[in-house]
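Let me begin by presenting the structure, written as structure tokens, before commenting on it.
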2 protein chains.
Amino acid sequence: MVYRRTPRIQARMDSQRAAILDAAVELLATRGYAGCSVAAVADGAGVATGSVYRYFGSKAELVVEVFRQLVTREVEAVERAAQQPGSTGERVVAVVDTFAARALKAPRLAYALLAEPVDAPVEAERIVFRRAFRDVIAARIGEGVRDGTLPPQQAPLTAAAIVGAVAEVMIGPLTSGGEDAVDELSTFTLRSLGAFDAGNP
Amino acid sequence: MVYRRTPRIQARMDSQRAAILDAAVELLATRGYAGCSVAAVADGAGVATGSVYRYFGSKAELVVEVFRQLVTREVEAVERAAQQPGSTGERVVAVVDTFAARALKAPRLAYALLAEPVDAPVEAERIVFRRAFRDVIAARIGEGVRDGTLPPQQAPLTAAAIVGAVAEVMIGPLTSGGEDAVDELSTFTLRSLGAFDAGNP
DNA sequence: TCAAGCTGTGAATGGTGGTTCACTATTTCG
DNA sequence: CGAAATAGTGAACCACCATTCACAGCTTGA
């Protein structure tokens with residue numbers, strides 16, 4: 001054989017792969033899953049349809065990686081928020097605030113990540129997403145229960161409920177989600193934890 | 001013209017229509033939206049594919065009617081619960097309990113109604129569903145705020161958050177939803193309202 | 001009984017969008 | 001340069017399903 005993949009070619013391929021991912025992220029965040037057809041992604045990345053399949057085994061594989069990338073970014077943001085100083089309640093509220101504020105800034109993306117219909121393999125990734133959020137919150141609640149600042153409760157369940165509550169309020173057309181919705185959600189969260197410093201009369 | 005639709009034929013057609021709806025309900029509740037293809041529905045009802053289109057303009061129209069039927073049943077159940085005697089908090093908890101218990105008994109159906117990917121016209125109907133639940137809860141919260149048993153809050157937002165919380169816990173694979181999950185959800189709900197009788201230390 | 005007009009049929013149609021693959025272009029190194 | 005091997009192409013392919021439609025078989029009232 002004569003041909004070998006040199007670093008130069010490898011670099012070009014890496015950037016091509018990245019370009020495909022970027023195009024998919026862009027499409028997902030603006031037009032949602034529906035607008036994320038393989039043809040459109042290839043077009044956005046400036047490659048042919050078939051080239052997408054040189055880097056990803058299937059569309060699902062591609063979208064899963066897109067999800068993972070976006071989710072990692074979001075989870076890191078709330079994890080940072082969870083580590084801020086303050087009471088247990090305040091830290092959970094910080095997580096919710098971060099989550100909600102980011103969703104408010106990029107509603108189309110939030111919808112795509114949280115609720116938009118997708119097919120099974122991607123749905124599995126979404127579950128990982130929600131679970132990650134739940135775990136960040138549950139960890140804080142667990143600490144609060146142990147140190148007595150929160151009443152006894154099943155931390156994972158409360159955490160799941162909070163994730164559901166925030167998701168519903170942010171993406172559901174059930175509420176006219178404005179800036180003040182984030183504040184109200186904080187109060188809701190604080191009360192739901194049963195924290196001493198809750199807005200309880 | 002010689003042919004006219006007689007009551008006998010009308011009755012046959014009515015029962016045929018009902019059979020199609022029943023088959024669709026059955027499929028939705030067992031195999032979900034995915035298993036609810038027009039061919040499968042027709043098969044289940046014992047009619048030809050084309051016959052479905054004699055009664056429903058499109059698949060979406062059919063599924064919307066199925067949704068509406070199922071949703072009405074569920075909403076009536078929680079409305080009954082909301083009218084039980086007791087404090088505001090207790091009545092909201094009664095709604096949540098009813099909602100959750102019913103979801104627990106028919107998880108596949110709950111998933112189909114609350115979360116399973118569907119196409120746009122059906123999604124619109126789902127929003128009506130969640131909104132109906134929210135409104136039942138919001139009405140109670142509004143009363144509680146007015147009579148001073150609950151702290152001031154945006155009733156629709158709290159209600160939406162509660163709907164989201166319950167939905168997440170019941171359908172999400174995030175929690176091992178057992179019987180005790182319903183109890184824990186009640187406590188969560190009570191706390192989140194900020195009720196005086198909440199499980200607040 | 002019979003013509004007219006309806007209900008019921010299910011194979012054929014058509015649109016959509018992921019996937020393939022025969023082909024071209026590019027790269028490597030003797 | 002040129003043979004070998006790979007990267008890139010995009011039109012064709014295919015599976016899936018909602019939808020249609022020409023037709024068969026009933027139903028009706030005269």
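Within every chain, numbering begins at 1; the chains are lettered A, B, ... in the order of the sequence lines, protein sequences first and strands thereafter.
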**Item:** Short side-chain N/O contact from R12(B) to OP1 or OP2 of dT27(D), under 4.0 Å
**Value:** yes

**Request:** Give a yes-or-no answer on whether the side chains of T158(A) and Q153(A) include a donor-acceptor pair shorter than 3.5 Å.
**Result:** yes

**Message:** Rounding to an integer number of Å, can you tell me how far D14(A) CG sits from dA7(D) P?
**Reply:** 12 Å

**Request:** Give the rounded distance in Å between these two atoms: CD1 of I9(B) and C1' of dC26(D).
**Result:** 8 Å

**Prompt:** So does R5(A) get a side-chain nitrogen or oxygen closer than 4.0 Å to the phosphate oxygens (OP1/OP2) of dA7(D)?
**Reply:** yes

**Message:** Closest-nucleotide mapping onto DNA chain D: is R8(B) or S58(B) further toward the 5' terminus? I mean the 5' end.
**Reply:** S58(B)

**Complete:** Comparing V47(B) with K59(A), nearest DNA chain C nucleotide closer to 5' gives the residue V47(B)

**Message:** Just the rounded figure in Å: distance from P of dG17(C) to CG of D43(A).
**Reply:** 15 Å

**Stacked cation flag K105(B) on F99(B), 6.0 angstrom / 45 deg** = no

**Prompt:** Rounded to the Å, how far apart are Q10(B) CD and dT28(D) P?
**Reply:** 12 Å

**Asked** R4(B) has an atom CZ; how far is it from atom P of dG5(C), in whole Å?
**Response** 12 Å

**Item:** Nucleotide dT9(D), atom P - distance to CZ of R54(A) in whole Å
**Value:** 10 Å

**Asked** Quick one: is dT7(C) close enough that its OP1 or OP2 comes under 4.0 Å of any side-chain N or O from Q16(B)?
**Response** no

**Message:** Is the phosphate of dT28(C) approached by T6(A) (side-chain N or O, under 4.0 Å from OP1 or OP2)?
**Reply:** yes

**Asked** Between Q10(A) (side chain) and T6(A) (backbone), is there a donor-acceptor pair under 3.5 Å?
**Response** no

**Message:** Looking at R31(A), I'd like to know if its CZ atom is crowded, meaning that more than 12 non-hydrogen atoms belonging to other residues, nucleotides or ligands lie closer than 6.0 Å.
**Reply:** no

**Prompt:** Looking only at atom types and distance, does a side-chain atom of S186(A) sit under 3.5 Å from a main-chain N or O of V182(A), one as donor and one as acceptor?
**Reply:** yes

**Request:** Can you figure out which of dT7(C), dG18(C), dA18(D) approaches the side chain of S37(B) most closely?
**Result:** dA18(D)

**Asked** Looking for any heavy atom pair under 4.0 Å, which part of the strands does S51(A) touch: base, sugar-phosphate only, or nothing?
**Response** base

**Proximity to the side chain of Y53(B) - top-ranked nucleotide from dT28(D), dG8(C), dA18(D)** = dA18(D)

**Fill in**
Separation of dG18(C) atom P from L62(A) atom CG, nearest Å, is 10 Å

**Prompt:** How long is the line joining OH of Y3(B) and P of dT27(D), in whole Å?
**Reply:** 8 Å

**Side-chain N or O of Y55(A) closer than 4.0 Å to phosphate OP1/OP2 of dG8(D)** = yes

